[in-house]
Amino acid sequence: MIHNFRHSVRNVWRNKMRTIIVLIIVGIAVSLVLTMTTVDAGIKNQVKTLEAGVGTGIGIRPAGTFGGFGRGGMLDESLLEGIKDIPHIVSLERSFVSMIAFSAPSSDPASGFRQQRGLTVTGVEPGKDLELFGGGNAEIVLGRNFEPQDNGQAVMIVGESLSEVNEWAVGETVYLADAPFEIVGIAGSANRFGAAVMFMPLATAQFFTGQEGVVSQARVIVDRLENVDAVVAALNNALGEEADVVAEKDMLLAPVESILNTIESVTRTGVLLALATAGIVIFAVMILIVRERTREIGILKAIGASRSDIAQLFTMEALTLVGLSLVIGTAFFVIGNEYIIGRLLSASMPATGSARTIENIMREGRGMAGGFGGSGFAGAGRFGQMGMTALLGNMEVSLEWKTLATSFAGVIGTGFIGSLLPAAYAARLKPTEVLRSE
Amino acid sequence: MSKQGLAAGSSTTAKDMIATKVLKKSFRTSEGVVNAVNGIDLVLERGVVAAIIGPSGSGKSTLLNLLGTLDTPSDGEIYIDGIKFHNLSEGEATRYRRKSIGFIFQSYNLMPNLSALENVELPMEYTGVKKKERQARAIECLRLAELPEKRYGHRPAQLSGGEQQRVAVARALVNDPFLILADEPTGSLDSATGKQILELLGKLAHKERKTVIIVTHDHEIAARADVVLKLKDGMMEEIKYKK
């Protein structure tokens, strides 16, 4: 065995030019296999990162509103009481958004007219973030956030632009539909809609809009990602047809799945083609080598080599070529992977402007998907495009040991298969046939 | 050794003998069955040089291949040093061939990427001899074959025809076989070198007690052999003994 290996290694260099050409071709195939499997592994890791970034939130909304053609009604709070005891739920957040119409003095007070105006009121649970339905959170820039004792009181927080337009300040009392409200804080947001929003404590907003006991939607947080699906099932069971329950991870990742699947199928096809190329090249060169050395095979058999010696000799020669190709292919990969992977990913990415972080995209996606009632899916679709930018633009692609081992095993296996037939042919050659010319 | 090198009256299965009984080899061709070797009986003692002569197609090489277990007989028996060689499987034939038979070819057939020493070591790799022992034995055989020591590390392409054939002789000797089969061993050499090789083979046969069977067209070579076996149409036409 060892002597056959030694001879195989030496035999590889008997035709240096041919060997170098074979090593370059198979090396390129190896580097492609490494590139494709690395991208494949990178996508899988990125999906995990994305899922982790999405978190464990589950949205609960009135039935039909997720579909875009639903009723768009409100969710009865009494329904939510029954879900608190579902295992793995760590928190329940309720959100409330409602449009109110009121008459206000005209912009020209001298006219004496009043005009009808509409305002979006967002009810939030005191102590929690000022979550925007348009995505993300608003932050307090002046004054304070709501405190538990504010619930049910006539207080509000206004967005920056709303306060500027109306010249409202913290501590001022303003009238909405003739009801006085004290402004306790001014909130800012990068979101244009967020800067124009008006927050009230949840109970206040419900009372003010005449919608006590209902919320626009709720969001539960599950303890671990792997429990999300079970909690969704339990929520569906508990809420029945009254509510739509959608895990944020499913809603946000579903649109990118088809693109991911496309990239995966491209990389897998690429791996198969590269492996096939390596196998065919090894097969072809080994057939050539065996045909060149038929006479030697006869001599070796005459001086005592068995069939298995001959088969080993040629299989090991093929595997030596494969081994050297792996080294060269890895070197090619190290040199060229950034360029190739960059090209591959940029070709797959939709052009959507500046890069965003995954977290921002998540936040935007969640906001859009959940924030505009019937347009939930449209939001998610847009997220899909932007999420892809984040998914690929921020994707960290690095060669992991597992990927390296899998790729190497694939190439070695293919090379071995490619060498089997030529080696078997060599082993079966009869010395009398090849020595006949003697 | 008997005077003629032919073990008359001895048992064909005895040790120190090479023997065939009604040995036959036939091939199917498009023109029908060809009996390349057609019932050859032969008994040769250890330590003789036998020459097989005959016109082309007389069955010389086929007989050599049968004796070398490179081919299997259609019928008949072969005994080498008391071992039955005619009914062996391919694996068994390979194992016996390693130990019992050495080959010398007209065009030397050395491995081009190995040195003279490594070429001689090669058959011992298949018999599992350790590196150190292999090297010592190879050097011993190269000395017997009278290759200058400074040529041991040279590759075949760097050696003359005569030197290459000396390496081939050393390679044939290295596993200490009973039988050395040489197919036109001087066919590619000039007459002076050819003569030296024949003298070497004769010396090995007589001193080292190897049975050497040489296939040749050259009657001058045949004249140097202890026994001349003349074949015609696959049959033994004449056996001549050295006087």
Side-chain angles (χ1 to χ4, degrees), chain A residues 1-20 285 288-317 320-321 324 423-438, chain B residues 25 27 36 60-62 64-66 68-72 89-115 118-131 134 168 171-172 174-175 177 181-185 187-188 215:
Chain A
M1 181 80 118
I2 293 167
H3 64 264
N4 286 329
F5 176 69
R6 208 178 60 244
H7 289 300
S8 301
V9 172
R10 288 178 72 165
N11 286 343
V12 161
W13 297 108
R14 284 171 67 170
N15 188 331
K16 289 188 182 67
M17 186 53 76
R18 181 174 61 203
T19 297
I20 287 167
V285 79
L288 199 67
I289 287 170
V290 168
R291 288 182 70 86
E292 269 177 10
R293 296 199 203 141
T294 47
R295 187 173 193 78
E296 274 183 38
I297 294 164
I299 306 301
L300 290 174
K301 284 195 160 186
I303 66 173
S306 63
R307 273 189 185 194
S308 83
D309 283 320
I310 301 294
Q312 274 178 28
L313 194 68
F314 286 96
T315 308
M316 286 177 180
E317 188 164 337
T320 304
L321 281 172
L324 292 169
Y425 170 73
R428 287 181 164 275
L429 280 174
K430 291 191 170 172
T432 45
E433 284 171 18
V434 295
L435 295 172
R436 190 154 284 166
S437 60
E438 286 286 335
Chain B
K25 180 68 184 178
F27 299 101
K60 303 186 297 291
S61 291
T62 306
L64 204 74
N65 286 338
L66 291 173
T69 70
L70 297 179
D71 211 349
T72 48
S89 67
E90 192 183 323
E92 288 170 330
T94 302
R95 279 195 293 280
Y96 282 120
R97 187 162 62 237
R98 285 173 187 159
K99 288 279 184 190
S100 309
I101 303 164
F103 288 89
I104 299 167
F105 303 95
Q106 180 180 348
S107 48
Y108 331 124
N109 285 330
L110 301 174
M111 296 298 129
N113 61 327
L114 301 182
S115 69
E118 288 168 331
N119 263 290
V120 180
E121 281 184 52
L122 198 55
M124 287 186 284
E125 291 184 359
Y126 298 118
T127 49
V129 179
K130 297 263 185 278
K131 174 77 184 165
R134 244 175 20 222
R171 184 179 66 183
V174 82
N175 275 333
L181 300 173
D183 198 352
E184 302 277 6
S188 301
V215 165

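Order of the sequence lines sets the chain letters (A, B, ...), proteins ahead of strands, with each chain counted from 1. The structure displayed is predicted, hence computed values, not measured ones.
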Could you please spell out the steps behind the side-chain contact (heavy atoms from CB on, under 4.5 Å) verdict for B:Glu125 and A:Arg6?
-> CA-CA 11 Å; B:Glu125 291 184 359; A:Arg6 208 178 60 244; 2.9 Å; yes
A:Pro431 and side chain to side chain contact (heavy atoms under 4.5 Å, CB included): which partner among B:Leu70, B:Asp71, B:Thr94?
-> B:Leu70
Determine the minimum heavy-atom distance between A:Glu296 and B:Pro112, stating which atoms define it.
-> OE2-CD, 3.6 Å
Has A:Arg428 got more than 12 heavy atoms of other residues, nucleotides or ligands less than 6.0 Å from its CZ?
-> no
Taken to the nearest 0.5 Å, the spacing of A:Ile2 CD1 from B:Lys131 NZ works out to 12.5 Å
With sequence neighbours excluded, residues passing ring-ring contact (aromatic ring centres under 6.0 Å, His included) with B:Tyr96 | B:Phe85
Close side-chain approach of B:Tyr126 to A:Leu300, heavy-atom, < 4.5 Å = yes
Is the closest side-chain heavy-atom distance between A:Ile303 and B:Met111 below 4.5 Å?
-> no
What residue, out of A:Arg293, A:Lys301, A:His7, has the most heavy-atom pairs lying under 4.5 Å from chain B?
-> A:His7
Using the salt bridge (Lys or Arg N to Asp or Glu O under 4.0 Å) rule, take A:Arg10 and B:Glu118 through it: C-alpha gap first, then chi angles, then the decisive distance, then the call.
-> CA-CA 12 Å; A:Arg10 288 178 72 165; B:Glu118 288 168 331; 2.8 Å; yes
Which bit of B:Arg95 comes within less than 4.5 Å of chain A, counting heavy atoms only: side chain, backbone, both or neither?
-> neither
Side chain from CB out, backbone as N, CA, C, O: work out which of these in B:Leu110 comes under 4.5 Å of a heavy atom of chain A, or both, or neither.
-> neither
Atom group of A:Asn11 that falls short of 4.5 Å from chain B, counting heavy atoms = both
